[in-house]
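Inspection log for the structure reproduced underneath, given as structure tokens.
It should be emphasised that the depicted structure is a prediction, and the values quoted were computed from it without experimental measurement. Counting starts at 1 for both ligands and their atoms, following the listed order.
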Amino acid sequence: MPVLVMKFGGTSVATLDRIKRAAKRVGVEVAKGYDVIVIVSAMAGKTNELVGWVNETSPMFDAREYDAVVSSGENVTAGLMALTLQEMDIPARSWQGWQVPVKTTSSHSAARIEEIPSDNIMGRFAQGMKVAVVAGFQGVSPEGRITTLGRGGSDTTAVAFAAAFNAERCDIYTDVDGVYTTDPRICEKARKLDKIAFEEMLELASLGAKVLQTRSVELAMRYKVRLRVLSSFEEQSDEAGTLVCDEDEIMESNVVAGVAHSRDEAKLTLLSVADRPGIAATIFGALSDAGVNVDMIVQNISEEGRTDMTFSCPTDQVKRAEKALAEAKTGGVLNFSEVVADTDVCKVSVVGIGMRSHTGVAAKMFKVLSQEGINIKVITTSEIKISVLIDRKYMELAVQALHDAFELDKAA
Ligand code: ADP
Ligand code: ASP
Ligand code: MG
């Protein structure tokens, strides 16, 4: 039997009624003759609640216990989904990550999937089971402890299962009906794309479009998984939603494919650090050891052998960063006058593979922002994206103005 992977996100399993609705969708595919692997997220809001409890109990928590707590939301929905399917007379069984097992690295709270042996579940399919319901977002480390894959990680579970089981397709059911030119919740002119190239989706995801977790797109690209994003709230045809595919499957595309935003960014500046070889290695080595995910970096001009170094990281890692830098200072490995943190910034980016061959995108982006009176604090670019750090209060305005200026509401 061909295998299909269907993933249901938090809003799609938020209530017992919604689980029933999702189970009916699964039933439709089972009736077509598929063996189905269903990956479920926790009920909407559950993971946030669990993360909140961990933070309240222990702000500098042990990540192994964080994983023990936050992985539990998915266990509930996996069991409920299996029960709902059984009530519909569809042979179904639930699996937690360790039971499959989903083997991961031991980097707790951000583990990577290393291997998913298929024999266990395939054996059950051979015996007549039609649906394996797997708890997303979780796995087991080589030490035998529960791990999680980072926020949004059920997408990655889904794609990894699709690759491991050679699935015909991996369908990601969510609360929007596909991938849009920008987040439809902040720009009403956002346009749904029928197809998007892996590279563009990868950039959009890593720059904040949370519709797919970045790692899931990476895996789909590497293992050539047919990845589709669609709504769990509407009746679906085989062509519904957005297909994430190779660039050459797309006939026409705009120079800019989409605009992404990341709300919770912070900008930190170290004032007056010595400008000498090894200083960046010391600063960013200390931050990396403390588990801070540094994104943009700018070194300002130096005067009399001293310089200012600016970097950005997620807002919830500012305390960790400040602590690591203060420790490096007291330990005598780093000398600076002070750290200035700006926690009211956000990142807005434009993405498109057309930028490889078209010039002028950066100039146009900066002009649009200046016309709106928005000051740019940091800029970074790559071959197919330009990102700017700006004040958070301008985020929606910037996204909408850029969407208009690059005419993303119109198809190529
Ligand atoms: P799920 O719980 O199903 O995993 P998520 O909340 O993780 O859903 O992702 C879906 C959300 O992603 C949408 O509700 C939407 O607000 C947001 N989003 C951000 N950028 C985009 C985009 N370019 N296209 C579609 N959705 C986007
Ligand atoms: N429940 C997890 C989260 O909210 C994983 C997921 O939904 O993908 O991050
Ligand atoms: Mg998600």
How about His403 and Thr181: does a side-chain donor come under 3.5 Å of a side-chain acceptor?
yes
Under 4.0 Å, counting heavy atoms only: does Gly153 come that close to any atom of ligand 2?
yes
Considering only the protein, which heavy-atom contact is closest to atom 7 (O) of ligand 2, and what is its distance?
Ser41 OG, 2.9 Å
For atom 9 (O) of ligand 2, the protein heavy atom that lies nearest, with its residue and separation:
Arg151 NE, 2.7 Å
Contacts for ligand 1, heavy atom under 4.0 Å, by chain and number, are Lys7, Gly9, Gly10, Thr174, Asp175, Val176, Gly178, Val179, Tyr180, Thr182, Asp183, Pro184, Arg185, Ala209, Lys210, Val211
Regarding ligand 2, does Lys7 bring an N or O atom to under 3.5 Å of one of the ligand's N or O atoms?
no
Got a sec, which residues hit salt bridge (Lys or Arg N to Asp or Glu O under 4.0 Å) with Asp175, two or more places apart in sequence or on another chain?
Arg185
More than 12 heavy atoms of other residues, nucleotides or ligands under 6.0 Å from CD of Glu56: yes or no?
no
How long is the gap from OG on Ser349 to CD1 on Ile384, to the nearest 0.5 Å?
11.5 Å
Does Glu338 have any salt bridge (Lys or Arg N to Asp or Glu O under 4.0 Å) partners at least two apart in sequence or in another chain, and if so, which?
none
Check: Gly152 N/O within less than 3.5 Å of ligand 2 N/O:
yes
N/O donor-acceptor pair under 3.5 Å between Glu396 side chain and Cys187 backbone
no
For the residue pair Phe8 and Tyr173, does the interplanar ring angle fall in the parallel (under 30°), tilted (30 to 60°) or perpendicular (over 60°) class?
parallel
Using a 4.0 Å heavy-atom cut-off, say whether Gln213 meets ligand 2 through its side chain, its backbone, both or neither.
neither
Can you sort out the partners of Lys377 under salt bridge (Lys or Arg N to Asp or Glu O under 4.0 Å), two or more places apart, ordered by chain and number?
Asp342, Asp391
State, with a plain yes or no, whether a side-chain heavy atom of Pro59 is found less than 4.5 Å away from one of Lys319.
no
